[in-house]
Amino acid sequence: HATGTNAWEKISGQTVDLSNLHRLVHLPVKCGEVGLQRYRVRVEPVAGELSPLNNARVVTVDVEKKSLHVLFFAEALGQEFKVLRNELAHDPGIAFTALFRTTASRFVLQGDRQPGDESLAAGFPATKNGLAPYDVIILGSFPASDFSAQQMETLVQFCENGGTVIFLGGDDSFGRGGYAQTPLAALLPWRISDREPEPARGIFPVRVPPMGTGNPILAGVEDILARNSVTLDAVNLVDELKPGATALLGTRIGQRDLAVVATQPFGKGKVMGIATSTLWKWAMQPEPVRPAYGLFWRQAVRILTGKTEGGQNFTVR
């Protein structure tokens, strides 16, 4: 670790066996200072090595506190919440806060706390200051009637001003939840209506549509889906995509191709809709499908917000 212009302090080291010509080495490092830090990784020359000039590499790491703040809001906490919390709350770069209703007028706040979040004890914020500490708002499945008009307008303004909103599917989402005639309908990447049928249930193979190919949110996920049979058990039957929306994951129900996961820009912010309540079941699958769920979520919140600092590791492009 650089302690001056040409001064270095050794903080970690390992002896490794290079008889196979390669070895992956993990060097855990903790840093108590925020800001730019310089580190040097050096390999001692070995017998017969032609040149030691490439045996050292200097990297600069921007050390931050948890820089990505996520608020999950739902009426009830089911298995999906538990799996999602396990993926995001254990990411060193993400602060994950959950707000959920226990009775008609009582709410519980869990997870990482933010300065000034005491107002959340009264429910979902109805002012922009209440949402200001957060970069991403994830909404569970509950009826639109449980939102006040002011809360909806606040969420729309949050997204217009650069925030990210993610809607989860379920029995009370989208048109089924009565959102078609509300301000939140404008945020959704699909057209929705009050005549939306109940979610389809069965076994629906998932694919990446052409417009989703190569999207950074699907890095690693796309390859898993291409090589394995990955399905969903339930899908919300939303209408067609709006102009400007992008389908990331899709399926086919009867004669219709349906975008299950889609994104769209809204003002300065981004919106993602997930038209299923069973995506979490991927995390319960054996390898190699299991990692797809965590990859998808960790990449989604970073790409949508633009905070691609890479979590516990530095990012190389």
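This one's a predicted model, so the numbers in the text were calculated from it and none came from an experiment. Note: hydrogens, waters and symmetry copies are ignored here, and every other heavy atom, side chains too, is used.
Judged by distance alone, the side chain of Asn86 and the main-chain N or O of Lys82 form no donor-acceptor pair under 3.5 Å. Of the possible donor and acceptor atoms, none in the side chain of Asn20 sits under 3.5 Å from a partner among the backbone N and O of His22. In terms of modelled atom types and a separation under 3.5 Å, the side chain of Asp135 and the main chain of Gly163 share no donor-acceptor contact. Panel note: side chain Ser148, backbone Gln151; a donor-acceptor pair is recorded below 3.5 Å. Between the side chain of Asp91 and the main chain of Gly93, a donor-acceptor pair closer than 3.5 Å is present. Checked by atom type and distance alone, the side chain of Ser277 never pairs as donor or acceptor with a backbone atom of Gly169 at under 3.5 Å. Proximity of a side-chain donor or acceptor of Glu222 to a complementary backbone N or O of Gly214 within less than 3.5 Å is detected.
Contact record, Pro125 with Leu131: CG-CD2, 3.6 Å, taken as the closest heavy-atom pair. Contact detail for Pro115 and Pro133: the closest heavy-atom pair is O-CG, 4.4 Å. Contact record, Arg38 with Thr5: NH1-O, 4.2 Å, taken as the closest heavy-atom pair. Taking each heavy atom of Gln264 and Leu187 in turn, the nearest pair found is NE2-O, 2.8 Å. Minimum interatomic distance between His26 and Gln14 (heavy atoms only, all atoms of both residues): O-NE2, 2.8 Å. Among all heavy-atom pairs drawn from Pro199 and Asp171, the shortest one is CG-OD1, 3.6 Å.
For Asp223, the salt bridge (Lys or Arg N to Asp or Glu O under 4.0 Å) partners two or more places apart in sequence, or in a different chain, are Arg227. Under the rule for a salt bridge (Lys or Arg N to Asp or Glu O under 4.0 Å), Lys270 has no partner lying at least two apart in sequence or in another chain. Partners of Thr3 under the side chain to side chain contact (heavy atoms under 4.5 Å, CB included) rule, at least two apart in sequence or in another chain, are Ala7, Glu9. Listed by chain and residue number, Glu49 satisfy the side chain to side chain contact (heavy atoms under 4.5 Å, CB included) test with Val46 (two or more places apart in sequence, or in another chain). When the side-chain hydrogen bond (donor to acceptor under 3.5 Å, both in side chains) test is applied to Ser19, the partners found at least two apart in sequence or on another chain are Asp17. By the salt bridge (Lys or Arg N to Asp or Glu O under 4.0 Å) test, Arg40 is found to be paired with no residue, residues two or more places apart in sequence or in another chain being considered. For Arg57, there are no salt bridge (Lys or Arg N to Asp or Glu O under 4.0 Å) partners at least two apart in sequence or on another chain.
Rounding to the nearest 0.5 angstrom, the gap separating the CG atom in Leu99 from the CD1 atom in Ile137 is 9.5 Å. In this structure, Arg191 CZ and Leu241 CG are separated by 9.5 Å, a value rounded to the nearest 0.5 Å. Rounded to the nearest 0.5 Å, atoms CG (Asn236) and OG1 (Thr276) are 7.0 Å apart.
Of the options Ile94, Val136, Ile217, a side-chain contact (heavy atoms from CB on, under 4.5 Å) to Arg302 is made by Ile94 and by none of the others. Applying ring-ring contact (aromatic ring centres under 6.0 Å, His included) to Phe73 and the options Phe142, Phe167, Phe81, Phe100 leaves one that passes, Phe142.
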Subject >> Derivation of the side chain to side chain contact (heavy atoms under 4.5 Å, CB included) call for Val108 and Arg106 >> reply: CA-CA 7 Å; Val108 172; Arg106 187 171 181 271; 3.8 Å; yes
**OP:** Report the C-alpha distance between Glu80 and Leu168 in whole Å, list the side-chain angles of each, state the deciding distance to 0.1 Å, and finish with yes or no for side chain to side chain contact (heavy atoms under 4.5 Å, CB included).
**Re:** CA-CA 10 Å; Glu80 182 172 32; Leu168 302 183; 3.9 Å; yes
**OP:** Go through Leu279 and Leu232 one step at a time and tell me if the side chain to side chain contact (heavy atoms under 4.5 Å, CB included) criterion holds.
**Re:** CA-CA 7 Å; Leu279 194 68; Leu232 296 170; 4.0 Å; yes
**OP:** Could you go through the salt bridge (Lys or Arg N to Asp or Glu O under 4.0 Å) check for Glu87 and Arg85 one step at a time?
**Re:** CA-CA 5 Å; Glu87 292 293 344; Arg85 178 185 59 186; over 6 Å; no
Original post:
Do Asp233 and Arg201 pass the salt bridge (Lys or Arg N to Asp or Glu O under 4.0 Å) test, and can you show the C-alpha distance, the side-chain angles, and the key distance before you say yes or no?
Top reply: CA-CA 6 Å; Asp233 297 350; Arg201 305 187 189 281; over 6 Å; no
Subject >> Met272 and Leu304: CA distance, side-chain angles, deciding distance, side chain to side chain contact (heavy atoms under 4.5 Å, CB included) verdict >> reply: CA-CA 8 Å; Met272 172 181 281; Leu304 291 172; 3.9 Å; yes
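Around CG of Leu27, the count of heavy atoms belonging to other residues, nucleotides or ligands within 6.0 Å exceeds 12. Within 6.0 Å of NZ on Lys128 lie no more than 12 heavy atoms contributed by other residues, nucleotides or ligands.
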Return all side-chain donor-acceptor pairs below 3.5 angstrom for residues 153-160, not counting sequence neighbours, or 'none' if the list is empty.
| residue | atom | partner | partner atom | Å |
| --- | --- | --- | --- | --- |
| Thr154 | OG1 | Ala126 | O | 2.7 |
| Thr154 | OG1 | Gln150 | O | 2.9 |

Side-chain polar contacts of residues 244-256 - donor-acceptor pairs under 3.5 angstrom, sequence neighbours left out - could you list them?
| residue | atom | partner | partner atom | Å |
| --- | --- | --- | --- | --- |
| Thr251 | OG1 | Pro205 | O | 2.7 |
| Arg252 | NH1 | Asp257 | OD1 | 2.8 |
| Arg252 | NH1 | Asp257 | OD2 | 3.2 |
| Arg252 | NH2 | Gln255 | O | 3.2 |
| Arg256 | NH1 | Val238 | O | 3.1 |
| Arg256 | NH2 | Val238 | O | 2.2 |

Review item, side-chain donor-acceptor pairs of residues 116-124, under 3.5 Å, at least two apart:
| residue | atom | partner | partner atom | Å |
| --- | --- | --- | --- | --- |
| Asp117 | OD1 | Arg113 | NE | 3.3 |
| Asp117 | OD1 | Arg113 | NH2 | 2.9 |
| Asp117 | OD2 | Arg113 | NE | 2.8 |
| Asp117 | OD2 | Gln114 | N | 2.8 |

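Side-chain contacts under 4.5 Å among hydrophobic residues (ILVMFWY), followed directly or transitively, place Trp8 together with Val58.
A 4.5 Å side-chain heavy-atom check between Thr231 and Trp282 finds every atom pair outside the cut-off.
Between Tyr293 and Trp280, the ring centre distance reaches or exceeds 6.0 Å.
Applying the ring pair (Phe, Tyr, Trp, His ring centres under 6.0 Å) definition to pairs two or more places apart or across chains, those involving residues 32-57 are His1-Tyr39.
The aromatic rings of Phe96 and Phe72 sit tilted, their planes meeting at an angle between 30° and 60°.
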